[in-house]
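Letters A, B, ... mirror the listed sequences (proteins, then strands); counts begin at 1. Reckoned from all heavy atoms, side chains included, excluding hydrogens, waters and symmetry mates.
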Amino acid sequence: MPDSTPSSARTPRVRFAPSPTGYLHVGSARTFIFNWLFARHTHGTMVLRLDDTDVERNTEASVQSIFEGLRWLGLDWDEEYKQSERLALHRQAAESLFAKGLAYRDFTPAHAGDDNQSSAAQGAWLSNPGMREMSRAESDRRAAAGEPFALRYRVPRGEGRTLQFVDGVYGAQFKLADEIEDFALLRSDGMPTYHLASCADDAGLRITHIIRGQDHLTNTFKHCLIFEGLGVEPPQFAHLPLLVAPDGAKLSKRRHGPVVSVTTYRDAGFLSQAFVNFLCLLGWSPKDDREFMTLDELTDAFTLEGVNRANAVVNFTEEDPFDPKAVWLNAEHIRATPVEELAPRLAPFFEQAGFHPAPEKLLAVTPLIRERIKLLRDAFSAADFFFLDQLPPYDPAELIPQKSDAALARRVLSRALEVLPTVPFNHDALEQALRAAASELGLKAGQAFQPIRVAVCGRKNAPPLFATMAVLGRVTCLERIEQALSSLESFS
RNA sequence: GGCGCUAUCGUCUAGGGGUUAGGACGUGAGAUUCUCAAUCUCAAAACCCGGGUUCGAUUCCCGGUAGCGCUACCA
């Protein structure tokens, strides 16, 4: 049944195989993305496989949270499997290796020698004493007697054999078989280990390219041994440089907390396409000067040759959990998003602040803040005055322009009050009227507009004045200018 | 400890035997604008160290150092 066509010549089948032991973290997300891009670029198949053989640590909540993360990324997959449902296949693989004499039973109690650091230093870690050499008869007898055992791979020893494979990123890799320990295939409870289950499934699912984190680079020799024992041609391998924290340590849930969870990015208001764009730039380059890229452009440009070999730092700090480049890219993607598409994405963040803007109003406000926010969650603080019934009390110092006085601010506001009731409330008419008012008062635009802007928006920094007033409407504007004026009454 | 992988501005990266070592983010200065944002201009900022090979190495080779990974009946 094994297919004799080399994996490199078949239609690519790649897989993403997370183990559900927590939320989806950014490193896993990147691995998924690279696999997806490879699959789509080559018109291959994307397989999602939950590697849930670690019964102790797997949770259903984690499964849900991983799906949630993947769904948010907006990338799909073609086939889906659960490793725990494929136990029979794994056992069969173990059987087959045992039958061929490529594996043996190890009756050493689990965790017998926990000081494997020192025993490793003495070179005594290759196999447990007496187990590898045990006769089949004795092994069978002890097993039949119900004594628990782990199944280990019988790694070729004393032949000076060199194992090798060509990595799609790191190039040709070599290792002496004698340096590899007799790794476990089955635990003493009969459950397969990661190495066995993973290889058996990769073979069974006819995976052609394994694209995964570099932390598996050395493990790959073991996997080659398993594929060989199973009598199948190993897939192509490509290992990805790791994502690390600014201190150089591998990104981990434990040490770095929620900053490594993709939901943190989602909740802060990253656009998924920006997040994907950012992750792609860590450890991969299109080799030209492009940085801002759409999914289509990424798919088109992605190749394994573009993958870098050095670990990439995600540049976050305690004060700011997001890499500045990620934030910048997000701002770029926000600006590139059409208003009709962006407005509904903003809605949840207004709701979070306790406001439920009408869709039309949101649509009117969005273009005014689109250039001014870096994260979607900034939307409310950038646009609050559009939705507040009552502005917080004015700061007279803000109503009064620099090098000026309250009297001038009062004149400007009074004049505005005279002019505004009859002006059509659209951008051009407002501009014409207010500029005219400014020159009548002998003021420069900047000087004249500040009191009005502060009156209408409640602060000095805001979107362009005329468009803002047009959205706010005549009634609100007049009301606020009156209030501002009266707050200046007693002020000299 | 053993084995492996890696090393270009603060960060992400391009490059590659002879280059003013390129771009981006961030930072600083300026321009522009009704403020902010955006935009534009300019600036500071890097080839880990030591040996080779070579007319010439940041680039190729070796060694060192450092970081990371693997060395589990975790994945």
Side-chain angles (χ1 to χ4, degrees), chain A residues 17-21 51-54 56-58 106 108-112 114 116-123 125-126 148-152 167 170 173-176 179-181 183-195 197-198 213-222 239 241-242 244 246-250 278 281-292 308-316 323-329 331 335 368-374 382 401 431 434-435 438 444-450 452-454 457 459-466:
Chain A
S19 61
T21 56
D51 277 7
D52 55 351
T53 51
D54 185 357
E56 299 283 298
R57 302 197 303 156
N58 294 330
D106 180 353
T108 312
H111 308 295
D114 243 2
N116 74 49
Q117 235 20 310
S118 57
S119 60
Q122 291 151 27
W125 49 275
L126 289 172
F149 61 87
L151 192 72
R152 287 182 183 279
D167 189 89
Y170 289 91
Q173 302 292 314
F174 305 90
K175 195 178 180 95
L176 241 28
E179 285 165 353
I180 298 170
E181 76 282 8
F183 54 94
L185 299 168
L186 291 179
R187 304 188 182 94
S188 45
D189 62 3
M191 289 295 285
T193 63
Y194 162 75
H195 297 305
S198 177
Q214 191 242 42
D215 46 350
H216 285 299
L217 189 63
T218 329
N219 285 332
T220 303
F221 295 103
K222 296 174 189 167
H239 289 86
L242 265 18
V244 298
D247 65 2
K250 179 177 161 180
F278 169 66
L281 262 19
L282 295 175
W284 174 82
S285 157
K287 305 279 186 184
D288 49 35
D289 283 341
R290 284 182 296 171
E291 304 250 42
F292 174 92
N308 207 22
R309 281 184 277 271
N311 290 170
V313 174
V314 181
N315 203 7
F316 61 82
D323 190 309
K325 195 153 204 168
V327 175
W328 170 75
L329 273 171
R335 281 180 218 125
L368 298 178
I369 60 170
R370 184 171 52 167
E371 273 199 351
R372 269 157 267 267
I373 59 175
K374 292 179 184 304
E431 169 154 29
L434 290 175
R435 281 194 192 280
K444 282 191 288 189
Q447 255 181 322
F449 295 164
Q450 177 171 337
I452 304 176
R453 172 179 297 107
V454 174
C457 302
R459 51 184 145 86
K460 282 198 289 191
N461 300 338
L465 185 57
F466 316 121

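- For A31(B), the paired nucleotide is U39(B), the pair qualifying as Watson-Crick or G-U wobble because both relevant distances are below 3.5 Å.
- With P as the reference atom, C62(B) and C5(B) are 11 Å apart, rounded to whole Å.
- Applying the ring pair (Phe, Tyr, Trp, His ring centres under 6.0 Å) criterion to F278(A), with sequence neighbours excluded, gives no partner residue.
- By the salt bridge (charged side-chain N to carboxylate O under 4.0 Å, His left out) test, R435(A) is found to be paired with E431(A), residues two or more places apart in sequence or in another chain being considered.
- Using P as the reference atom, G67(B) and U58(B) are 24 Å apart when rounded to the nearest Å.
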Set out, line by line, the N/O atom pairs under 3.5 Å between protein and nucleotides 19-21 of chain B.
none

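- Taking atom C1' on both nucleotides, A7(B) is separated from G16(B) by 16 Å, rounded to a whole Å.
- Among the atoms of the strands shown, only primed sugar atoms or phosphate atoms (P, OP1, OP2) are found under 4.0 Å from some heavy atom of S19(A).
- The gap from the C1' atom of G50(B) to that of C3(B) amounts to 25 Å, rounded to the nearest Å.
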Could you write nucleotides 6-15 of chain B as a row of B, S and -, 5' to 3', where a protein heavy atom under 4.0 Å of any base atom gives B, of only sugar-phosphate atoms gives S, and otherwise -? SS---SBSSS
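- Applying the ring pair (Phe, Tyr, Trp, His ring centres under 6.0 Å) criterion to F316(A), with sequence neighbours excluded, gives H256(A).
- For the C1' atoms, the distance linking A46(B) with G15(B) amounts to 13 Å, nearest Å.
- Base pairing of U20(B) is not made with any nucleotide, judged by Watson-Crick or G-U wobble geometry with both donor-acceptor distances under 3.5 Å.
- With sequence neighbours excluded, no residue forms a side-chain hydrogen bond (donor to acceptor under 3.5 Å, both in side chains) with D289(A).
- Contacts of R309(A) classified as side-chain contact (heavy atoms from CB on, under 4.5 Å), with partners at least two apart in sequence or in another chain: V169(A), Y170(A).
- Only the C1' atoms considered, G22(B) is 14 Å distant from A45(B), to the nearest whole Å.
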Which pairs, protein N/O on one side and nucleotides 58-64 of chain B N/O on the other, fall under 3.5 Å?
none

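- For the pair I452(A) and L434(A), the tightest heavy-atom approach, listed with the atom from each and the gap, is CD1-CD2, 4.0 Å.
- Regarding K222(A), its NZ atom lies at a distance of 12 Å from the C1' atom of A75(B), rounded to whole Å.
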Quick one: what's the B/S/- string for nucleotides 30-48 of chain B, heavy-atom cutoff under 4.0 Å, read 5' to 3'? ----BBBBSS---------
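- K250(A) has its NZ atom 8 Å from the C1' atom of G69(B), to the nearest Å.
- Partners of D106(A) according to the salt bridge (charged side-chain N to carboxylate O under 4.0 Å, His left out) rule, which considers only residues two or more places apart in sequence or in another chain, are R152(A).
- Looking at heavy atoms from C-beta onward, K175(A) lies in side-chain contact with I180(A) at the 4.5 angstrom threshold.
- Within the 4.5 Å cutoff, no side-chain heavy atoms of R459(A) are placed close to those of V454(A).
- Among the heavy atoms of the strands lying under 4.0 Å from H195(A) is at least one base atom, whether or not backbone atoms are also near.
- In terms of the ring pair (Phe, Tyr, Trp, His ring centres under 6.0 Å) criterion, residue partners of F149(A) (sequence neighbours excluded) are, by chain and number, F107(A).
- Proximity note for N219(A) (side chain, C-beta onward) versus G4(B), C3(B), U71(B): the nearest is U71(B).
- Rounded to whole Å, atom C1' of U71(B) lies 14 Å from atom NE2 of H216(A).
- Rounded to a whole Å, the OH atom of Y194(A) is 11 Å from the P atom of U71(B).
- A donor-acceptor contact under 3.5 angstrom links the side-chain atoms of S188(A) to the base of C73(B).
- Qualifying ring pair (Phe, Tyr, Trp, His ring centres under 6.0 Å) partners for Y194(A), counting only residues two or more places apart in sequence or in other chains: H216(A), H223(A).
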